[in-house]
Chemist: 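My structure is below; once you've seen it, I'll send some questions.
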2 protein chains.
Amino acid sequence: MSDRYGQDRRGVLRTMVGATLGAGIAATAAAGPAAADPVTIPVPESAADGDRKRVEVAVLLYEGFTALDAVGPYEALCRVPGVRVTMVAAKAGLVRTDTGELGIAAAKSLRQMPRPDVLLIPGGGELGTTSSMSNTQVLDWIRRVHRHTIWTTSVCTGSLILGAAGLLRGVPATTYWASRPYLKEVGAIYTPGRFVEAGKIITAAGVSAGIDMGLHLAARLSNEQIGRAMELAVEYDPDPPFGTGNPDTADAETRALALKLIAGAAV
Amino acid sequence: MSDRYGQDRRGVLRTMVGATLGAGIAATAAAGPAAADPVTIPVPESAADGDRKRVEVAVLLYEGFTALDAVGPYEALCRVPGVRVTMVAAKAGLVRTDTGELGIAAAKSLRQMPRPDVLLIPGGGELGTTSSMSNTQVLDWIRRVHRHTIWTTSVCTGSLILGAAGLLRGVPATTYWASRPYLKEVGAIYTPGRFVEAGKIITAAGVSAGIDMGLHLAARLSNEQIGRAMELAVEYDPDPPFGTGNPDTADAETRALALKLIAGAAV
């Protein structure tokens, strides 16, 4: 695992890390030994202004996105030293999720975020996903942004939006379990896994898989030590109460009822 | 498992359920056999107007709460037939999370939600949690609401807020791993587990544990069949990339670094 993530260490910016973690000293002193290794963070190709540069992660919100698809990775990434996660949307402001009853704020418009280092596209309900798949403003922004990203990523049906932008032709990828048949329509090669890394594109499976991918990305953007610590920071020691979360092993009745419950909320 | 959740079936409201699931018929027809059993939903003690009554779940937001603590359970509960999940706060409007960089909307003020059937209190950063623990308006609302809830629940350090309201004296409970020592200060009895159910109080461990508790609660508010389907609906088949999410088995270096990373973001 060390090599797996070690290769992504792109530099060390002790000054910023010191500032970022400074607040933690008291807690750490009380908690025992400090981490042995210096914390490392990546220097993206677009880095220009030395140790004040942050890795900008843009999470693309759109009307009808699924809340956990965006917030799972957010929680895994927002405390990674040197990383800043920003919710963006066609227009800055409140964006409604697929239930229509929850709103999350986009801090910046797509225009205000022309060149993020990392792009993350959450999945959404059927209407939200298909609307984004045919929104030329959004697709053009995705294509422009992708040229310069370190990582271009998605959760759930977000991969179908990446696909609609033409970024998944011949690319191994995954998506929400019920939407797997749609991957081939955008030229992607369905590949099993909680997340699939192909070049600089990482696609995650449905909804909660964004947490697994987010922790993987946390390590990719820093090092394995940070990834391991973030997994503990969000106490990710899951114990699913029913053991029915895997569509390949779930019984037909559970699959049918799940499709009823998410009807109108997944492509 | 069937008995475990079966005992919580409080009634059947086929009319509403039919309406709720109506949109899913096409998807289900394409997906195979429909669920064999009728979907059941609970009738809370406060139910007054027949089959238009919904089970109201109030998620208490406050400045400095942790996003995933609230959104994990939201995603597990928002599609449960007959259940409505509403974000509430001292004042309706945008509430900032512990990073200060993310805002989620509270649809109603505490005054506008005087009697939810279920209360869910997410955890937060140190400042957000301690502020709520000393906010008499919030604590009074929690105590009033608790008298009539079917379930009173928390995620992460949210249990310390329940405790500050005086609801955990002598009650088995859990909290964020790094905050376990604080449970005894509010009279609670620390009990291991992703979530701990004691009477009508359910407390979850840190951050991501809210998903496990949310799925458990989905079944408690309906039946095991719905819980099993929601676990699949959010494709909750986790595969933590590092296996360091359990504080009792994580190495000292990972624990120390995690505390640095969450410093200022957990009590």
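Below, read A as the first sequence line, B as the second, and so on, with proteins coming before strands; counting in each chain starts at 1. For clarity, every value in this text was computed on a predicted model and none was experimentally measured. No hydrogens, no waters, no symmetry mates; every other heavy atom, side chains included, goes into these values.
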Chemist: When only pairs under 4.5 Å are counted, which of A:V85, A:L215, A:D69 shares the most heavy-atom pairs with chain B?
Modeler: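 Of the options given, most contacts go to A:L215.
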
Chemist: To the nearest 0.5 Å, how far apart are CG in B:D239 and NE2 in A:H216?
Modeler: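 One gets 12.0 Å once the value is rounded to the nearest 0.5 Å.
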
Chemist: State the OG1-CG distance between A:T244 and B:L232, to the nearest 0.5 angstrom.
Modeler: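 Going from OG1 on A:T244 over to CG on B:L232, the span is 6.0 Å.
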
Chemist: Are any of the side-chain heavy atoms of A:P81 and B:L261 separated by less than 4.5 Å?
Modeler: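 In short, these two side chains touch, coming nearer than 4.5 Å.
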
Chemist: Taking all non-hydrogen atoms of both residues into account, name the closest pair between A:Y176 and B:A233 and its distance.
Modeler: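 Scanning both residues completely, I find the closest heavy atoms to be OH-O, 2.6 Å.
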
Chemist: Counting distance only, does the side-chain N/O of A:T254 pair as donor-acceptor with the main-chain N or O of B:A229 below 3.5 Å?
Modeler: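 Side chain of A:T254 to backbone of B:A229, a donor-acceptor pair under 3.5 Å: no, none is there.
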
Chemist: B:W177 and A:E235: which non-hydrogen atoms are nearest, and at how many Å?
Modeler: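 Looking at all heavy atoms of both residues, the closest pair is N-OE1, 3.0 Å.
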
Chemist: Just by modelled atom types, is the A:P241 backbone N or O under 3.5 Å from a matching donor or acceptor in the B:R194 side chain?
Modeler: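 Checking the backbone N and O of A:P241 against the side chain of B:R194, no donor-acceptor pair under 3.5 Å is found.
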
Chemist: Under a 4.5 Å heavy-atom cut-off, does chain A meet the side chain of B:R228, its backbone, both or neither?
Modeler: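 It is both, since atoms from each part get that close.
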
Chemist: Chain B: which of A:A106, A:A70, A:A258, A:G72 shares the most heavy-atom pairs with it under 4.5 Å?
Modeler: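 The answer is A:A258.
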
Chemist: Can you say whether A:A205 sits under 4.5 Å from chain B via the side chain, the backbone, both, or neither, judging by heavy atoms?
Modeler: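 Contact with chain B: backbone and side chain both.
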
Chemist: Should the heavy atoms of other residues, nucleotides or ligands under 6.0 Å from CZ of B:R180 be counted, would the total exceed 12?
Modeler: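 Yes, because the 6.0 Å sphere around CZ of B:R180 holds more than 12 heavy atoms from other groups.
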
Chemist: Of the backbone (N, CA, C, O) and the side chain (C-beta and beyond), which part of B:I211 lies under 4.5 Å from a heavy atom of chain A, both, or neither?
Modeler: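 When you check distances to chain A, only side chain atoms of B:I211 fall under 4.5 Å.
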
Chemist: Quick one: does B:E101's side chain get under 4.5 Å of A:T86's, heavy atoms only?
Modeler: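 No. Closest side-chain heavy atoms not under 4.5 Å.
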
Chemist: I need the minimum non-hydrogen distance between A:E231 and B:F242, along with the two atoms involved.
Modeler: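 Taking every non-hydrogen atom into account, OE1-N, 2.9 Å.
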
Chemist: Supply the atom-to-atom distance B:L102 CG to A:I104 CD1, rounded to the nearest 0.5 angstrom.
Modeler: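 With rounding to 0.5 Å, CG (B:L102) is 6.0 Å from CD1 (A:I104).
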
Chemist: In terms of heavy-atom pairs under 4.5 Å, which option from B:L68, B:V71, B:D237 contacts chain A the most?
Modeler: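 That would be B:D237.
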
Chemist: Heavy atoms only, distances under 4.5 angstrom: which of A:C156, A:G193, A:G243 has the most pairs with chain B? Name it, please.
Modeler: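 With the most close heavy-atom pairs to chain B, the winner is A:G243.
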
Chemist: Just give me the residue among A:C78, A:P247, A:A250 that pairs up with chain B most often, heavy atom to heavy atom, under 4.5 Å.
Modeler: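 Of the candidates given, the most pairs with chain B belong to A:P247.
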
Chemist: Using side chain to side chain contact (heavy atoms under 4.5 Å, CB included) as the criterion, list what pairs up with B:A105, not counting sequence neighbours.
Modeler: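 For B:A105, the residues satisfying side chain to side chain contact (heavy atoms under 4.5 Å, CB included) (neighbours in sequence not counted) are A:L94, B:L94.
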
Chemist: Considering all heavy atoms of both residues, which atom of B:P240 and which atom of A:P238 are nearest to each other, and what is their separation?
Modeler: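 The pair with the smallest heavy-atom distance is CG-CD, 3.6 Å.
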
Chemist: Sequence neighbours left out, what passes salt bridge (charged side-chain N to carboxylate O under 4.0 Å, His left out) with A:E75? Give chain and number order.
Modeler: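 A:R79.
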
Chemist: If you measure from OG1 on A:T99 to OH on B:Y74, what distance do you get to the nearest 0.5 Å?
Modeler: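 A:T99 OG1 to B:Y74 OH: 2.5 Å, rounded to 0.5 Å.
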
